[in-house]
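Everything numeric here is computed off the predicted structure, so don't read it as measured data.
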Amino acid sequence: MAYWRDEYEEKVSTPRKALDLVKPGTTIYISGGCSRPRVIVEHLLKKRNFHDNRICTPFTFMPSPFFEPDVMKKFRINSFYMDSEVERGVMNGHSDYTPIYTSELPYMFRTGRIKLDVAIIQVSPPDLHGFCSLGTSVDITKSAVESADVVIAEVNRQMPRTLGDSFIHTSQIDQLIEVDYPVDHALDDEGIDPETVKSIARNAAKLVQDGATIQIGTGMLPDAILSEFKDKKNLGVHTEMFSDGVMDLVKTGAINGSKKTIHPRKIVTSFVIGSAELMEFVDNNPSIEFHPSDYTNDITVIAKNNKMVAINTASVIDLTGQVLADRTGLESISNPGGMPDFIRGALSARGRTVIVMPSTTSDGHTSRIVSVVPKGAGVGAMREDIHYLVTEYGIAHLRGKTLAKRSLELINVAHPSFRERLLDQAVALGYLPEDQSRRSYRGLPYPEEFEQTLVFDGQTAVVRPLKPTDEDLVRELFYSFSSKTLQQRFMTTRVLQPREELMSQVNIDYDMSMAFGVFLVHGSMTELIAVCEYERNPKNSSAEVSFAVRDDWQGKGIGSYLVNLLVRVGKSRNIKTFTAEVLSTNVGMLHLFYRTGLDVSAKLEDDVYKVSFDLVKEEEKIKEAG
C-alpha cells in the first residue's frame with residue numbers, strides 16, 4: 001500500500017484500452033443511479049467486437065442506453081429492479097428481470113450464484129492512503145467489486161466522498177479512467193397531481209411520531225411526505241436510499257438521530273440520488289454512513305431501531321391488503337426492491353408499516369385499490385404485513401382487521417368514483433354481507449373540513465364525521481352505556497343493538513344525514529366517547545337530532561359542544577328546524593338545547609318532551625335589527 005501512487009498511475013487508462021479486458025461471453029456488472037459510469041458505458045456500447053455479453057444492472061432512475069434496439073443485439077440485460085424500460089425489454093424477449101430481495105444480492109454475488117466476470121463502477125478520487133469511496137452507491141456495488149474477476153472504475157473528481165463501509169482500495173481496481181462530470185440527477189415528478197401529493201403527505205405524517213426512525217424512498221411523493229415532518233423532533237433515518245427531502249429535514253433539525261438505538265446520530269443508507277446540493281451534503285459528512293445492502297436491508301439490523309416506521313410506495317393494493325410494488329402495474333412481474341426487507345424489519349421491531357399511493361392512476365381512469373390482484377401479478381407485501389394504507393382520501397387501518405373490516409377501510413380511502421363498485425365487488429367476493437349499506441358512497445364526499453382536535457377535561461380528542469369503518473367503535477360505545485343512559489337515549493333499557501341500526505348510524509350521506517363522533521386516540525388504540533346525529537326529513541327543511549355521551553364523560557362539556565356543532569352544520573346545510581324527543585327526566589339535555597340561544601319550544605306528551613328549535617329565527621332578528 002505504501003506505493004499505491006505508482007500502481008495507481010500504471011492503472012490509469014483510456015476507456016478503449018480498459019474495455020479490452022472485457023471478453024465475449026462475460027457477465028458485466030454496471031453500477032446504477034448517480035454512479036453509472038457514463039463515459040465507459042458510452043464506449044462499451046459503441047465497441048463492435050462484443051457479442052453474447054450479459055449486463056447486470058441495479059436501479060437506473062434515469063433513461064438508460066442499455067435498452068436501445070442496437071444495444072440489445074449485442075448485450076442481454078439482466079436487471080434486479082423493474083422500471084418501464086426493463087418492462088419493455090422483458091416483454092419483447094430481449095431482457096431479463098431477476099425478482100430478488102435487495103438484501104440477498106451481495107450473497108448471490110459472493111457465492112457465485114450470480115457470477116460476475118467484470119464490474120464497471122464509478123468512484124471518488126483516492127485519499128492519502130489510496131482508498132476510493134464508492135460515493136453515491138455502495139448498495140450492491142461493493143459486493144460486486146469484491147466478487148468480480150476484473151474491476152474497471154471511473155475516477156470522477158465530482159463524485160462525493162461518502163463515509164461508512166463505502167471504501168475500496170486502488171489495489172482492488174484493474175483499470176482506472178479519470179473523468180470529471182456532475183453526478184447529480186433530478187427525479188421526475190411521476191405524473192402525480194401536486195395537490196394529491198400534498199394530501200397524501202399530510203395524511204402520512206400523522207403516522208410518524210417524534211423520535212421515530214424512518215425508512216422512505218426517493219421521488220416526488222416520498223420527498224413531499226418528508227416535507228410534512230418539519231415540525232417533528234428527534235427523527236432518525238435507517239433506509240435503503242434517500243434524496244433531497246432527508247437533507248432538508250437535517251437542516252431544519254427535525255432529523256438528528258438522537259433517539260436511535262443503533263447508529264445514534266447517524267443517517268444509515270446504501271445509496272442516494274438527487275440534486276447537486278445533495279451531493280455536496282453527503283460529501284465527507286460524518287453524520288451519514290453508507291453501507292452495503294446486505295447490512296442496511298438486514299432484517300435483524302432494522303429491527304434494532306426503536307419506533308421503526310417503514311414507508312413505501314406501491315402501485316396497487318387489493319381489498320385484502322395484498323400490495324403490488326411494480327412501478328408500471330405489470331400483471332406478470334413485480335419489483336418489491338428493498339420494501340419486503342424493511343417491512344419485515346419494522347414488524348420485528350414492533351414498529352409500523354405504511355404504504356402510500358394515489359387512489360388512482362395519473363389519468364384518474366383506473367383505481368389503484370382493486371377487488372383482487374390481477375392474474376399472474378407478483379405480490380410485494382403480504383396482507384398480514386401492512387398496518388396502514390395512505391391515499392389522498394385518508395388512512396386505512398388494516399392491522400388486526402378482518403377481511404370485512406379491511407375491505408371497508410380500503411374502500412373508504414379509494415377515489416369516490418370507485419367506492420360503490422368496490423363495495424359491490426367485496427359483497428360478490430363474500431368479504432361483506434349482502435345487506436351492507438351503500439349510502440355513504442351515494443351522497444356528498446366525506447367533509448374533512450369538519451375534523452377538529454379539541455381538549456375536554458384535559459384530554460385531547462378528535463371530533464369528526466362518522467365513517468362506515470366506525471361501526472365497531474359505535475357498537476362498543478352502545479354496550480358501555482349504563483341503563484340510565486340507555487333509557488334517556490333510546491327510551492328503553494334494551495340490551496341489544498341490531499347491526500342494521502349500527503350501519504344506519506355510520507353509513508351516512510353527509511347531506512340528508514350527518515353524524516359526528518368524539519374520539520380519544522391512545523397510540524394505536526381509539527375509543528369513541530360520544531356521538532350526535534341528525535336525519536333530515538325529505539319532505540321539509542327539518543331534521544331530527546339525537547345525542548349520546550359515555551357515562552364517564554358526561555358533564556364535561558362534550559354534550560354542549562356537540563349541540564352547537566350540529567346547529568352550525570345544520571345552518572350550513574339550510575336546515576331550518578331541529579326536532580328531538582327527550583324524556584322528562586333528562587333535564588340536562590333540555591338545558592343544553594335552551595343554552596344554544598335559539599328559539600326553543602318543548603311540549604310534554606306522555607312523559608316525553610317534543611322539542612323543536614328554530615335555526616333561522618335568530619338570524620332573521622339580527623338582519624331586521626341591522
Contacts of H263 that satisfy ring pair (Phe, Tyr, Trp, His ring centres under 6.0 Å) - sequence neighbours left out: H291, Y295
Shortest non-hydrogen contact between A212 and V309, atoms and distance: CB-CG2, 4.1 Å
Counterpart residues, side chain to side chain donor-acceptor pair (under 3.5 Å), relative to Y388 (two or more places apart): none
Any donor-acceptor N or O pair under 3.5 Å, side chains D244, S275: yes
side-chain contact (heavy atoms from CB on, under 4.5 Å) partners for R383, two or more places apart: T320, Q322, R406
Nearest-0.5 Å distance that lies between atom NZ in K233 and atom CD in Q209: 13.5 Å
Polar side chain donor-acceptor pair, S367 to T360, under 3.5 angstrom: no
Within-4.5 Å side-chain heavy-atom neighbours: L278 and F242: yes
Distance-only donor-acceptor check, side chains D341 and S103, under 3.5 Å: yes
Worked check of side-chain contact (heavy atoms from CB on, under 4.5 Å) between M279 and V183: CA-CA 8 Å; M279 299 302 113; V183 297; 3.7 Å; yes
Test side chain to side chain donor-acceptor pair (under 3.5 Å) applied to N256 - qualifying residues, sequence neighbours left out: N234, S258
Contact summary for P58 and S79, nearest pair of heavy atoms: O-OG, 4.3 Å
Basic-acidic side-chain contact under 4.0 Å: K556, D457: yes
T269 and E240, any side-chain heavy atoms less than 4.5 Å apart: no
Flag for E392-S359: side-chain donor and acceptor within less than 3.5 Å: yes
Inter-residue atom distance I299.CD1 - R344.CZ, 0.5 Å rounding: 3.5 Å
Neighbour count >12 (heavy atoms, 6.0 Å) for atom CZ, R475: no
Closest contact, heavy atoms only, F290 versus S270: CD2-O, 3.9 Å
Pairwise side-chain contact, F229 with S227, heavy-atom cut-off 4.5 Å (strictly under): no
Interatomic distance, F342 atom CZ to I216 atom CD1 [nearest 0.5 angstrom]: 12.0 Å
S31 vs Q122, side-chain hydrogen bond (donor to acceptor under 3.5 Å, both in side chains): CA-CA, chis, key distance, verdict: CA-CA 7 Å; S31 56; Q122 188 176 165; over 6 Å; no
Lys NZ or Arg CZ of R419 over Y393 ring: under 6.0 Å, within 45°: yes
L454 and V518: CA distance, side-chain angles, deciding distance, side-chain contact (heavy atoms from CB on, under 4.5 Å) verdict: CA-CA 9 Å; L454 302 167; V518 181; over 6 Å; no
Pair T353, D385: side-chain N/O donor-acceptor within cut-off below 3.5 Å: no
Pair D472 + K405, salt bridge at N-O below 4.0 Å: yes
Residues that F450 engages under ring pair (Phe, Tyr, Trp, His ring centres under 6.0 Å), provided they are two or more places apart: F516
Worked verdict on E451 versus Y446 for side-chain contact (heavy atoms from CB on, under 4.5 Å): CA-CA 10 Å; E451 292 184 354; Y446 173 81; 2.7 Å; yes
Residues that F481 engages under ring pair (Phe, Tyr, Trp, His ring centres under 6.0 Å), provided they are two or more places apart: none
Trace of the side-chain hydrogen bond (donor to acceptor under 3.5 Å, both in side chains) decision for Y107 with S143: CA-CA 8 Å; Y107 172 79; S143 58; over 6 Å; no
Derivation and outcome, side-chain hydrogen bond (donor to acceptor under 3.5 Å, both in side chains), residues N297 and E104: CA-CA 9 Å; N297 295 33; E104 283 195 287; over 6 Å; no
Sequence neighbours excluded - salt bridge (charged side-chain N to carboxylate O under 4.0 Å, His left out) pairs with any residue from residues 258-282: K251-E277
Considering all heavy atoms, the nearest V549-I558 contact: CG2-CG2, 4.3 Å
Residues in ring pair (Phe, Tyr, Trp, His ring centres under 6.0 Å) contact with F519, at least two apart in sequence or another chain: none
I317 vs V370 side-chain heavy atoms within contact, under 4.5 Å: no
Heavy-atom side-chain proximity of V356 to I311 below 4.5 angstrom: yes
Sidechain-backbone polar pair: S407 side chain, Y431 backbone, donor-acceptor under 3.5 Å: no
E527/H522 under side-chain hydrogen bond (donor to acceptor under 3.5 Å, both in side chains): CA gap, chis, key distance, verdict: CA-CA 8 Å; E527 56 181 325; H522 312 283; 2.7 Å; yes
Counterpart residues, side-chain contact (heavy atoms from CB on, under 4.5 Å), relative to K198 (two or more places apart): E195, R202
Rounded distance (nearest 0.5 Å) linking atom CG of D223 with atom OG of S243: 4.5 Å
Non-hydrogen atoms of P160 and T136 that approach each other most closely: CG-CG2, 3.8 Å
Option passing side chain to side chain contact (heavy atoms under 4.5 Å, CB included) with M357 (candidates V390, I369, V316): I369
Non-hydrogen atoms of G211 and L235 that approach each other most closely: N-CD2, 4.2 Å
Trace of the side-chain contact (heavy atoms from CB on, under 4.5 Å) decision for V323 with I386: CA-CA 8 Å; V323 171; I386 307 305; 3.8 Å; yes
CG-OG1 distance between N78 and T98, expressed to the nearest 0.5 angstrom: 3.5 Å
Residue list, side chain to side chain donor-acceptor pair (under 3.5 Å) with D551, at least two apart or on another chain: S482, T485
Distance-only polar pair, side chains of D184 and Q158, donor-acceptor under 3.5 Å: no
M241 CE to T296 OG1 distance, which is reported to the nearest 0.5 Å: 9.5 Å
Salt bridge (charged side-chain N to carboxylate O under 4.0 Å, His left out) pairs, two or more places apart, involving residues 121-133: D127-R161
Min side-chain heavy-atom separation L324-V379 under 4.5 Å: yes
Residues which pass side chain to side chain donor-acceptor pair (under 3.5 Å) with E228, listed by chain and number, not counting sequence neighbours: none
